[in-house]
Amino acid sequence: MTVSSTRSRYSNVAASDETSRAARGTIFPVHDYDLATTLTSGQVFRWELRDRCWEGVIGQRWVRLRADGAAIIAETADPVTDWRWLADYLQVGISLGGVLATFPGDEPMCAAVAACRGLRLLRQDPWECLASFIFSSTKQIVQIRQIVALLCERFGKPVAVPDGCRPAFAFPAPQRVAAADESELRACKMGFRAPNLRAAARKIVDGEVDLGRLATAPTGAARDELMRVPGVGRKIADCVLLFAYGFQDAFPVDVWVMKALQHFYFPRRRVALQRLQKFTASHFGPYAGYAQQYLFHYARVHAKLKV
DNA sequence: TACCAGGAGAGCG
DNA sequence: CGCTCTCATGGT
């Protein structure tokens, strides 16, 4: 399996395609899919666990997901005929075994895979992903979740939910964010990131940054484009490239990945960030970005590496 | 309480 | 260049 096919191919497992009848739910057969780990691994910030189900909003749709053995059971508020949007988001068509087989066989990666097997990369909306990671700088994941929730509540359009469920909101469009006051945004607890978010929204509304065009650009060009947004440096750009576009050679190096790389690959000598990035580009193979997510989650949750 | 958080960017020597 | 400081806010 090539990297490009992973980026462009849609899944073909949406069972209800065969009937093309509208339904409020579907079932995706999956192998090696740890839904809970995937939704809490710091790549997305909108999913909440309620009564053993994961509730969230994708685009303009409320969604409830439940892991059930070798399947993911999905439920929506409104009838759906074509489930490709959800299959694509969840990346259920990817063979995880094929991805893991490309990882280097060194001890840290083996330990990370053993600890986090079933962890997947999602395919998120670029604007929501970009905005979310603008909030991420020197914020803990729990705080990023809080900022995103407040922003959606206050600026996002309400979406339909089933009877008895709490209100849900879409992620606000860039037009809405661009029109907001900085003080309103700061009130969502994003602090000094507020002007950056608004500037990002304005660049997108003005067409100065075209998120749609990035999908087909080479990695380096797409990264440079994202880094023209204030508040977006190499790390955040790589997060968006990986989590929203599926550029598998994007390798975000945050504090946790930095700790993991230092601890596991360069013990007892400090290596500069730029040199570490050069190492990651050659060491982790064609799915380096995927390997990065395993390292990140392993370092943060399992290994609990110290500073 | 003190330290730190999925950083970025300006200012300095 | 490479280092340090600041930015805002809350968790642990």
Side-chain angles (χ1 to χ4, degrees), chain A residues 37-47 112 115-116 119-122 124 126 128-151 154 180-201 203 209 223-245 247 250-264 269-278 280 284 288-307:
Chain A
T37 299
T38 297
L39 297 181
T40 60
S41 66
Q43 58 181 311
V44 66
F45 307 98
R46 296 212 64 191
W47 293 93
C116 315
L119 171 59
R120 302 284 191 129
L121 289 183
L122 301 169
Q124 301 177 55
E128 177 173 340
C129 188
L130 173 62
S132 297
F133 277 96
I134 284 175
F135 305 145
S136 74
S137 75
T138 53
K139 276 297 181 191
Q140 297 181 142
I141 289 173
V142 55
Q143 294 178 280
I144 302 169
R145 294 171 53 84
Q146 183 183 23
I147 295 169
V148 170
L150 282 171
L151 187 73
R154 296 179 182 181
D181 289 340
E182 185 182 317
S183 60
E184 295 181 280
L185 297 176
R186 280 183 184 266
C188 297
K189 305 187 176 182
M190 64 184 78
F192 62 83
R193 304 154 194 85
N196 291 338
L197 175 70
R198 200 162 71 130
K203 282 186 181 297
V209 170
R223 178 184 291 124
D224 290 343
E225 181 83 354
L226 287 170
M227 289 176 65
R228 299 198 307 118
V229 176
V232 179
R234 170 69 183 256
K235 188 269 171 183
I236 290 177
D238 278 356
C239 284
V240 178
L241 292 177
L242 185 61
F243 302 143
Y245 295 96
F247 285 89
F251 197 106
V253 178
D254 76 313
V255 292
W256 289 103
V257 173
M258 176 74 87
K259 285 178 199 173
L261 293 173
Q262 281 278 266
H263 180 80
F264 293 126
R269 75 181 169 100
R270 189 187 175 282
V271 180
L273 174 61
Q274 198 169 1
R275 188 175 153 76
L276 284 177
Q277 281 167 338
K278 191 173 180 182
T280 66
F284 291 99
Y290 233 105
Q292 173 277 152
Q293 195 64 9
Y294 273 76
L295 272 186
F296 170 76
H297 196 260
Y298 180 61
R300 193 173 73 89
V301 176
H302 296 274
K304 297 186 185 303
L305 299 180
K306 293 188 298 182
V307 181

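Just so it is clear: chains get the letters A, B, ... in the order the sequence lines come, proteins before strands, and each one is counted from 1.
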Practice item. Identify, with sequence neighbours excluded, every residue that meets side-chain hydrogen bond (donor to acceptor under 3.5 Å, both in side chains) alongside A:R300. Key: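 For A:R300 there are no side-chain hydrogen bond (donor to acceptor under 3.5 Å, both in side chains) partners, ignoring immediate neighbours.
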Can you name the residues that form a side-chain contact (heavy atoms from CB on, under 4.5 Å) with [X], not counting sequence neighbours?
X      : result
A:A201 : A:W127, A:P174, A:V177, A:A178
A:Q143 : A:K139, A:Q140
A:R270 : A:Q262

Check your understanding: Between B:dG6 and C:dT4, how far is it from one P atom to the other, in whole Å?
Key ->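 It works out to 23 Å between them.
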Exercise for review: Please measure how far the P atom in B:dA10 lies from the corresponding atom in C:dA8, and state the result in whole Å.
Suggested key: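 The same atom, P, in both gives a distance of 16 Å.
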Point to revise | Pairwise salt bridge (charged side-chain N to carboxylate O under 4.0 Å, His left out) hits with a residue in residues 189-201 of chain A, at least two apart | key: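 For residues 189-201 of chain A, and leaving out neighbouring residues, there are no salt bridge (charged side-chain N to carboxylate O under 4.0 Å, His left out) pairs at all.
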Practice item. Only pairs at least two apart or in different chains count here, so list each salt bridge (charged side-chain N to carboxylate O under 4.0 Å, His left out) that has a residue in residues 227-241 of chain A. Key: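 Checked against salt bridge (charged side-chain N to carboxylate O under 4.0 Å, His left out) - neighbours excluded - the pairs reaching residues 227-241 of chain A are A:R223-A:D238, A:E225-A:R228, A:R234-A:D238.
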Could you check how far [atom1] of [X] sits from [atom2] of [N], rounded to whole Å?
X      : N     : atom1 : atom2 : answer
A:W256 : B:dG7 : CH2   : P     : 11 Å
A:D254 : B:dA5 : CG    : P     : 9 Å
A:R145 : B:dA5 : CZ    : C1'   : 16 Å
A:Q274 : C:dC1 : CD    : P     : 7 Å
A:I144 : B:dC4 : CD1   : P     : 18 Å
A:F192 : C:dA8 : CZ    : P     : 8 Å
A:I134 : C:dC7 : CD1   : C1'   : 15 Å

**Study point:** Value rounded to 0.5 Å, distance of CZ in A:R120 from OH in A:Y294
**Key:**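 Here the interatomic distance stands at 7.5 Å.
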Check your understanding: NA contact type, A:F243, heavy-atom cut-off 4.0 Å: base, sugar-phosphate, or nothing?
Key ->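 Result for A:F243 = base.
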Exercise for review: Give one of base, sugar-phosphate or nothing for A:S41, where a contact means two heavy atoms less than 4.0 Å apart.
Suggested key: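 Base: the residue A:S41, judged by heavy atoms under 4.0 Å, touches a nucleobase.
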Return the set of residues passing ring pair (Phe, Tyr, Trp, His ring centres under 6.0 Å) with [X] (not counting sequence neighbours), or none when no residue passes.
X      : answer
A:F135 : none
A:H263 : none
A:F251 : A:F284

Exercise for review: Classify every nucleotide of nucleotides 8-13 of chain B by which part a protein heavy atom approaches to under 4.0 Å, writing B for the base, S for the sugar-phosphate alone and - for neither, in 5'-to-3' order.
Suggested key: SS----
Practice item. Sort out for me which residue in A:F45, A:F296, A:Y290, A:F133 forms a ring pair (Phe, Tyr, Trp, His ring centres under 6.0 Å) with A:F243. Key: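 It is A:F133, the one option of A:F45, A:F296, A:Y290, A:F133 that forms the ring pair (Phe, Tyr, Trp, His ring centres under 6.0 Å) with A:F243.
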Polar atoms only, N or O, under 3.5 Å: list the protein pairs with nucleotides 9-12 of chain C and their distances.
from, atom 1, to, atom 2, distance (Å)
C:dT9, O2, A:K139, NZ, 2.8
C:dG10, OP1, A:K189, NZ, 3.4
C:dG10, O4', A:Q143, NE2, 2.6
C:dG11, O4', A:Q140, NE2, 2.8

Review point. For DNA chain B, what residues of residues 289-302 of chain A have any heavy atom nearer than 4.0 Å?
Key: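 Correct list: A:Q292, A:Q293, A:F296.
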